[in-house]
Number of protein chains: 4
Amino acid sequence: MQQERGKRERILEAAQTVFARKGYYQAKIEEIAELAGVGKGTVYEYFVSKEELYKEMFKVILNRYTEYVMVEATPEMTTKEWIRHLLEMHLRYMLENRQHMPTNFGDLGGMDTEILGWMYDMRKRSVNRLVPVFQKGIDRGELKGMDPELGANLLIGMMRGVTLPLMVEGTYGEPSQVAEAMTEILFHGIAR
Amino acid sequence: MQQERGKRERILEAAQTVFARKGYYQAKIEEIAELAGVGKGTVYEYFVSKEELYKEMFKVILNRYTEYVMVEATPEMTTKEWIRHLLEMHLRYMLENRQHMPTNFGDLGGMDTEILGWMYDMRKRSVNRLVPVFQKGIDRGELKGMDPELGANLLIGMMRGVTLPLMVEGTYGEPSQVAEAMTEILFHGIAR
Amino acid sequence: MQQERGKRERILEAAQTVFARKGYYQAKIEEIAELAGVGKGTVYEYFVSKEELYKEMFKVILNRYTEYVMVEATPEMTTKEWIRHLLEMHLRYMLENRQHMPTNFGDLGGMDTEILGWMYDMRKRSVNRLVPVFQKGIDRGELKGMDPELGANLLIGMMRGVTLPLMVEGTYGEPSQVAEAMTEILFHGIAR
Amino acid sequence: MQQERGKRERILEAAQTVFARKGYYQAKIEEIAELAGVGKGTVYEYFVSKEELYKEMFKVILNRYTEYVMVEATPEMTTKEWIRHLLEMHLRYMLENRQHMPTNFGDLGGMDTEILGWMYDMRKRSVNRLVPVFQKGIDRGELKGMDPELGANLLIGMMRGVTLPLMVEGTYGEPSQVAEAMTEILFHGIAR
DNA sequence: TATGAATGAGCGTTCATTCAT
DNA sequence: CATGAATGAACGCTCATTCAT
């Protein structure tokens with residue numbers, strides 16, 4: 001029983017590594033099983049199918065990410081502080097987890113329609129978590145009047161826009177500085 | 001007599017549709033051939049392998065996109081005008097080509113490392129085409145002093161950030177209005 | 001629990017039959033699998049590839065043959081007795097195994113260069129096993145002074161020369177008599 | 001018309017090279033066509049199928065070989081002289097035509113039953129051409145009383161037995177000397 | 001007659017999933 | 001619960017052959 005929990009988690013972790021490294025279709029569940037130190041059949045003891053395993057693993061990552069990123073984010077912060085903090089933590093997380101959450105995740109592509117739809121839903125949740133932040137900022141008078149969803153989508157886009165090269169090439173120096181620069185642009189624009 | 005000079009093009013077009021609909025791994029050469037109205041073997045007369053076909057098709061899309069988006073973009077425009085125009089054309093293109101260039105493209109994911117690397121290179125080209133625009137804007141005094149590559153990456157990110165929901169859900173109304181809103185935010189920020 | 005320890009053997013045996021009947025390139029893995037009473041995939045559980053299966057099967061045959069032929073061959077025999085025995089056993093074996101080791105084996109031909117090289121190596125082993133026999137015969141003064149390798153190659157050639165029609169047409173009567181005639185010719189020549 | 005003849009022969013010659021180099025199944029008729037300097041379809045203008053081309057080419061080789069080998073073979077020769085001559089010419093031919101008539105020919109194997117049967121017939125013709133030679137030798141009192149077919153088969157076997165390593169490894173020195181040694185063994189045996 | 005673009009049957013191999021132990 | 005041997009649907013790719021020109 002104790003064992004059981006451990007196994008499920010080991011599979012999930014192995015799935016993370018392998019899916020990240022190979023992508024969904026190239027990942028073989030045998031390899032995941034091996035890396036997890038369990039038999040191939042055991043994977044099916046815990047997860048109905050490859051797809052289910054993928055989704056489950058994705059949720060785990062998302063949760064871990066969310067938790068990590070939201071640490072110390074308090075309601076007292078200004079919207080700017082909050083977003084700056086989000087950006088920095090995001091960059092830190094990505095930098096620290098290059099192994100487990102590389103380019104293959106993050107955005108859809110190459111997958112069939114069904115799983116793709118599911119992943120889009122996941123993405124939407126992120127947006128939905130961000131929308132109230134923008135709304136509150138607007139209400140408080142910190143932000144311009146604007147479509148909060150547009151803001152959220154732009155922010156998420158910016159994050160990904162900078163994350164991809166960051167992970168692939170490892171550039172961009174200190175997360176705190178990049179976060180600062182990004183925040184500045186997002187809040188005050190690029191115009192001189 | 002190369003018999004039906006359009007064959008290569010028909011295959012490319014079919015590849016577009018099928019790859020877009022199914023993603024790289026789920027797309028079957030046979031289906032592409034059928035849709036193109038040719039025999040399975042014919043595909044291999046024109047393309048060495050599935051992967052090569054994919055890349056070739058991707059280039060075609062990219063070119064078409066670039067051409068479409070850059071129409072009427074003149075060097076006399078201010079950076080702001082130029083980017084606003086880019087955004088609007090981008091949104092128009094995506095809206096018009098939901099069928100052929102949906103969520104599966106645009107970003108990596110689910111593919112194996114080799115083809116993924118190739119696609120990242122493609123993305124980099126886009127960035128590299130944008131960098132000089134930012135640089136010029138800075139030099140002209142239109143933009144703040146900033147890392148032009150960061151700017152390019154953020155812009156690309158924003159574009160994708162808003163494209164995805166646009167294509168999946170079809171929201172956001174008029175491209176010109178959304179482009180306007182995005183430009184405003186990019187240039188003057190979200191801060192009040 | 002390796003489930004049915006005979007599975008590998010059954011596949012090997014089926015391979016024997018099918019490869020013999022159809023030749024390397026015409027033999028289909030699926031047919032071998034069927035004949036062995038296993039699924040197509042199972043073949044690949046035990047053998048990496050068609051080529052590997054072929055080689056493995058070939059070794060098995062060769063071993064069985066060698067074992068059969070060498071039974072009761074003792075060092076005390078004279079060279080003549082030894083060779084006469086070899087010839088007789090060879091003929092017997094071929095006659096008994098028409099099903100499994102027909103014309104397709106035994107010599108190269110029709111195969112691509114890689115596997116052909118491997119098979120030539122196999123042949124060489126046979127030669128190498130025969131050379132010392134000739135050498136000993138010469139040393140003992142039973143045979144003329146001669147290149148023992150030439151002798152070995154001639155003997156092998158003679159064996160095949162008579163085996164082929166034997167198997168295809170089934171003629172030549174009693175192995176012991178044919179062996180006797182062959183030995184007589186080999187040792188004392190055809191000249192009157 | 002003049003042209004026609006030339007084309008057919010060029011195809012035949014190319015077939016020789018390619019079949020020899022690759023074996024029947026690995027040879028691609030496209031490669032043969034290319035080497036012959038004709039279009040792929042043209043091959044089918046002259047030969048019904050790959051198999052027919054193979055057979056036709058085989059006959060050509062056989063004829064050329066027979067012609068070459070039988071040159072200067074006169075009825076006045078003793079059987080021994082005749083066979084010695086045959087052996088030497090055979091070795092010379094094989095040495096000179098390593099390119100065109102290598103290991104892949106010469107003996108069956110790897111091919112499917114139909115073509116195999118055909119090739120066995122070809123072989124039989126060789127035997128049938130040799131049988132009278134033995135018979136005559138016996139009648140003349142030059143050879144022992146023996147089954148002339150057995151003699152013929154043994155001789156053919158010996159020839160192949162020494163040809164294979166000769167072509168693969170290129171050993172065995174001067175054809176005339178090897179022929180001499182072989183004749184000596186065949187006529188007077190290996191016994192001291 | 002000559003061509004080579006087009007074709008599709010055919011095959012080796014992979015891998016998610018099942019299930020007997 | 002755990003396992004891994006067994007399976008077979010699925011697919012990319014090849015190549016002998018056809019046929020319109």
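Side chains are part of it too, since the values below use all heavy atoms of this structure and drop only hydrogens, waters and symmetry mates. Order of the sequence lines fixes the chain letters, A, B, ..., with proteins taken first and strands second; residue numbering starts at 1 for each chain. Predicted model, so just to flag it, every value in this text is computed and none were measured.
Taking atom CG on L53(D) and atom P on dT17(F), their separation rounds to 10 Å, with Å as the unit. Rounding to whole angstrom units, CD1 of residue I11(A) and P of dG4(F) are separated by 13 Å. Protein atom CD of E52(B) is 15 Å distant from nucleotide atom C1' of dG12(F), rounded to whole Å. Atom CZ in F19(A) sits roughly 11 Å away from atom C1' in dA16(E) (whole-Å rounding). Taking atom OH on Y54(B) and atom C1' on dG12(F), their separation rounds to 17 Å, with Å as the unit. In this structure, CZ of F47(C) is placed 15 Å from P of dG12(E), rounded to the nearest angstrom. Between the CD atom of Q26(C) and the C1' atom of dG12(E) there is a distance of 14 Å, rounded to whole Å. Atom pair Y46(A):OH and dT18(E):C1' shows a separation of 18 Å (rounding to whole Å applied).
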Quiz item: side chain to side chain contact (heavy atoms under 4.5 Å, CB included) between E9(D) and E13(D): does it pass, once the steps are laid out?
Solution: CA-CA 6 Å; E9(D) 265 149 28; E13(D) 192 160 356; 5.9 Å; no
Exercise. Give the C-alpha distance, both sets of side-chain angles, the deciding distance and a yes or no for side chain to side chain contact (heavy atoms under 4.5 Å, CB included) between L164(D) and R160(D).
Key: CA-CA 6 Å; L164(D) 208 54; R160(D) 269 206 57 70; 3.6 Å; yes
Practice problem: Give the C-alpha distance, both sets of side-chain angles, the deciding distance and a yes or no for side chain to side chain contact (heavy atoms under 4.5 Å, CB included) between I61(D) and N97(D). | Solution: CA-CA 10 Å; I61(D) 289 190; N97(D) 294 278; over 6 Å; no
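Between dA16(E) and Y25(A), no contact under 4.0 Å exists linking OP1 or OP2 to a side-chain N or O.
If K28(B) and K28(D) are placed on DNA chain F by their nearest nucleotide, the residue sitting closer to the 5' end is K28(B). Nucleotides of DNA chain E nearest to A27(C) and T42(B) differ in position, and the one nearer the 5' end is that of T42(B). Place E45(C) and K50(B) on DNA chain F by their nearest nucleotides, and E45(C) ends up nearer the 5' end.
The side chain of Y44(A) has dT17(E) as its nearest neighbour among dC13(F), dT17(E), dA6(E).
Every stem involving DNA chain E, taken as at least 3 paired positions in a row under the Watson-Crick or G-U wobble test at 3.5 Å, is listed here: E:2-21 with F:2-21.
Shown here are the side chain to side chain donor-acceptor pair (under 3.5 Å) partners of K124(B), two or more places apart in sequence or in another chain: E169(A). Qualifying salt bridge (charged side-chain N to carboxylate O under 4.0 Å, His left out) partners for E56(A), counting only residues two or more places apart in sequence or in other chains: R8(A). For R64(D), the side chain to side chain donor-acceptor pair (under 3.5 Å) criterion is met by Q16(D), not counting sequence neighbours.
Of the residues in residues 29-41 of chain A, those lying under 4.0 Å from DNA chain F by heavy-atom distance are V38(A), G39(A), K40(A), G41(A).
When each of L12(A), I32(A), I11(A) is paired with M57(A), the side chain to side chain contact (heavy atoms under 4.5 Å, CB included) condition holds for L12(A) and for no other.
Geometric assessment of K50(D) against the ring of F19(D) yields a negative cation-pi assignment under the 6.0 Å and 45° thresholds.
For the salt bridge (charged side-chain N to carboxylate O under 4.0 Å, His left out) condition, the pairs that include at least one residue of residues 29-42 of chain D, sequence neighbours left out, are K22(D)-E31(D).
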